[in-house]
Amino acid sequence: MPPVDVEWTSVIGLANQTLTTPALIDFVDKFASMLPEDVCTYIRHIHRRNVLRNNRLLAQLEEAVVAMNGLGIMPIMLKGASTLVTAPEERRGVRLMSDLDIMVMPDQASMAVAALCAIGYDIDYQTPPESQKWHVELNRLQDVGTIDLQQAPPGPAYLYQSVGHALNHCVPAALGRGHVYIPTPTYRALMLIIHDQFQDYGYWLGDLDLRHLVELRDLNNSAEGLDWGELSSLVSGELMKNAAETQLFALAELLGVEIPRALRSRLIPRLQFTRQLMQARFPATRVPFLAMMALDLGNYRKAASGAPQAAARSRGLWSLPRVDTLRFLLKAAVAVRAGKV
């Protein structure tokens, strides 16, 4: 049952901020007779428009895949692209997305770019040669989204050291006239967690990404579901363990997903989730709570340097972050970021 005395303007505002408005269609379909008519009308309108948009994105994705297949490239679908390929037609409009994340092997990157440029794409941005991770953003005037072409899963490479090659966690699938690799639901969950917590710096900033929490819930509700044991085996090191369990604790508390107790009972993840709620309710606490980085600073240094978990805690592991790192995090902590609270 929906709660009484709801301030629906605030609810819609939060949904818009977190890019989850189309996902409210499930709530509207279930409780339409108990909700204000203007709320139902607005959410259904946004959902219908998002269905049209995602149908165009799917057609765009198929065209891009066919072009790459023509050069012998079978790409891996990441994030929203994998959702578009696997979602039932009636669920296609639930997720709001702005681009298509596609991964190819490093030795296929230049050919993939050439294949996309041959069908009208222009390179909008390409990482400089000295960058740790390569990616290219491509767009066309007639499309509703860009293509983000990558050579590796999202986030730092050291977080995948014990995982093995991405193709070990993918299955081949048809996409219209094309063929792609789709990550398993559990591997997709791992990539979403790493993306939010480390590529987007959410673990250090105390951010909540509700859109991706909804996606994790839907992955767990899919036919294959999430294998919690396998997910635990893919998570190595104290840093990644704390970050993953923070996300899973939020998933359990905010969306009611049944998470094994072993994955939501440790102290640091519980403290981090409490921080997330405090920051969401009282944004002025975002800067003071940056001090919670100290809980995992040593673990981060171990993971990034490849030091064994049993290594002694040297002064180097626990030294303060660099000044430019602190400046970056201070700036990010007070910035308005789409989809984050």
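This structure is a prediction, so every number in the text was calculated from the model and none was measured. Quick note: residue numbers are just sequence positions, from 1.
Cluster membership for Tyr181 and Ile147, using ILVMFWY side-chain heavy atoms within less than 4.5 angstrom, is not shared. Ile76 and Val104 fall into different hydrophobic clusters, where Ile, Leu, Val, Met, Phe, Trp and Tyr are joined by side-chain heavy atoms under 4.5 Å apart, directly or via other members. Transitive grouping of hydrophobic side chains (ILVMFWY, heavy atoms separated by less than 4.5 Å) keeps Trp134 and Met103 in distinct clusters. Hydrophobic clustering, with ILVMFWY side chains joined whenever heavy atoms are under 4.5 angstrom apart, keeps Val85 apart from Leu96. One hydrophobic cluster holds both Ile193 and Val235 under the rule that ILVMFWY side chains link at heavy-atom gaps under 4.5 Å.
Ring geometry for Phe328 against Tyr201 counts as perpendicular: the plane angle is over 60°, on a 0 to 90° scale with 30° as the lower cut.
Closest of all the heavy-atom pairs between Gly155 and Ile194 is CA-CG2, 3.8 Å. In terms of heavy-atom proximity, Pro156 sits nearest to Phe198 at CD-CB, 3.8 Å. Here the closest non-hydrogen pair linking Leu78 and Ala152 is CD1-O, 4.3 Å.
Two residues are said to be in side-chain contact when any heavy atoms from C-beta on lie closer than 4.5 Å; Glu215 and Asp218 fail this criterion. The closest side-chain heavy-atom distance from Val94 to Pro22 is not below 4.5 Å. Residues Arg266 and Lys241 have side chains in contact (heavy-atom distance under 4.5 Å, counting atoms from C-beta outward). For the pair Leu58 and Leu175, the minimum side-chain heavy-atom distance is below 4.5 Å.
Asp143 places no side-chain N or O within donor-acceptor distance of the main-chain N or O of Gly145, the cut-off being under 3.5 Å.
Annotation: the span from Gln199 atom CD to Gln197 atom CD amounts to 12.5 Å, rounded to 0.5 Å. From Leu295, atom CG reaches atom CE of Met293 across 10.5 Å, with rounding to the nearest 0.5 Å.
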Result block: side-chain N/O donor-acceptor pairs under 3.5 angstrom for residues 333-341, not counting sequence neighbours:
residue	atom	partner	partner atom	Å
Arg337	NH1	Asp200	O	3.1
Arg337	NH2	Asp200	O	2.8
Arg337	NH2	Asp207	OD2	2.4
Lys340	NZ	Asp200	OD2	3.0
Lys340	NZ	Asp209	OD2	2.8

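For the pair Arg264 and Phe249, the cation does not sit on the ring face, since its NZ or CZ is not both under 6.0 Å from the ring centre and inside 45° of the axis.
A donor atom on one side chain and an acceptor atom on the other are found under 3.5 Å apart for Thr21 and Asn16.
Checked for salt-bridge contact, Asp324 and Arg327 miss the test: no charged N lies under 4.0 Å from a carboxylate O. Comment: Arg91 engages Asp26 in a salt bridge, judged by a side-chain N to carboxylate O separation of less than 4.0 angstrom.
Within 6.0 Å of CD in Glu90 there are more than 12 heavy atoms belonging to other residues, nucleotides or ligands. Within a 6.0 Å sphere centred on NZ of Lys133, other residues, nucleotides and ligands contribute more than 12 heavy atoms. When the shell of 6.0 Å around OH of Tyr300 is examined, it contains 12 or fewer heavy atoms from other residues, nucleotides or ligands.
Counting only residues at least two apart or on different chains, no salt bridge (charged side-chain N to carboxylate O under 4.0 Å, His left out) pair has a member in residues 68-78. Sequence neighbours left out, the pairs with a member in residues 3-15 that pass side chain to side chain donor-acceptor pair (under 3.5 Å) are Glu7-Thr9.
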